[in-house]
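Basis for what follows: all heavy atoms, side chains included, without hydrogens, waters or symmetry-related copies.
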Amino acid sequence: MKIQHFVALVVLSLPTVPGARAAVLAGPLTNAANGHTYYLLSDTTWTASEAEARGLGGHLVTINDAAENQWVLNSFSPLTGVSEAKLWIGLNDAANERQFVWASGEPVTFTNWYPGEPDDVEGVLGTADYAAIRHPSDGRWIDISDQRKIPNPKTFGVVELTVAVTQPADQFMPGSARLNGQANPIGSPTLAWFEWGTSLAYGNATSPQSVGSGYNVVGFSNVIAGLVSGTPALGRHRHWVHI
């Protein structure tokens, strides 16, 4: 069986389901490119936005490529109702100066800074530790302070709920391969496993394993055996989103 990078990752979560959140302005919206769910929050600080994002079961958005950046910009800037609105994203260096990390714990593989940014300065508002998409016109990022800027421009948080993603298989051996995935328990006890097969019935699954109940992305793997070389594999990606 030929294992490809899309071999299925299935996540079962046991969440509590919060009610509607007063700070949510729009959503859920689903990005067809990755299957993730997003929300737009009302104008407030980065810290308050990230706290609200965790309450929804996610984090401020992690942007992994230019296409996702453009999707976030196109999807949410018009919904703010503010012509020059900024959008909070999850990137920040609050813990260690100049060491930018995503609030989700995912690795930083893409950035889109405006020329001269990050500059770590925002006048009387102090240290600028938090990234935002600066303007609807170009989608570039700046680092700004967590203090409220009154009256404008306003800054709105974009929340991303990411339960599970697949990673390429590796460690290929005659008749076996290792399947890899990542899951974010986003605060609830979560079990994860893989399903695969040669038809849409799938028919094969690894044993469920716990990925904890934290708020960071957790990697996990399973080695599967009994594979036949040259046989195409089918898989699926299912997840329960916490909303």
I need the Phe76 CZ to Phe156 CZ distance, nearest 0.5 Å.
13.0 Å
Check: Arg178/Asn180 side-chain N/O donor and acceptor closer than 3.5 Å
yes
So CG of Asn204 and CD of Glu195: to nearest 0.5 Å the spacing works out to 9.0 Å
Ring pair (Phe, Tyr, Trp, His ring centres under 6.0 Å) against Tyr114, all qualifying residues, sequence neighbours excluded:
none
Across all chains, not counting sequence neighbours, the side-chain hydrogen bond (donor to acceptor under 3.5 Å, both in side chains) partners of Thr111 are none
Who pairs with Ser77 by side-chain hydrogen bond (donor to acceptor under 3.5 Å, both in side chains), at least two apart in sequence or on another chain?
none
Sequence-distant partners of Tyr130, ring pair (Phe, Tyr, Trp, His ring centres under 6.0 Å), two or more places apart:
Trp46
Going by the side-chain contact (heavy atoms from CB on, under 4.5 Å) test, name the single residue among Leu29, Val61, Ile89 that passes it with Val72.
Val61
Thr44 and Ser49: side chain donor to acceptor below 3.5 Å:
no
Any side-chain donor-acceptor pair under 3.5 Å between Glu160 and Asn31?
no
Residue pairs involving residues 128-141 (criterion salt bridge (charged side-chain N to carboxylate O under 4.0 Å, His left out); sequence neighbours excluded)
Arg134-Asp138
Residues at least two apart in sequence or cross-chain that pass side-chain hydrogen bond (donor to acceptor under 3.5 Å, both in side chains) with Trp141, listed by chain then number, are Asn69
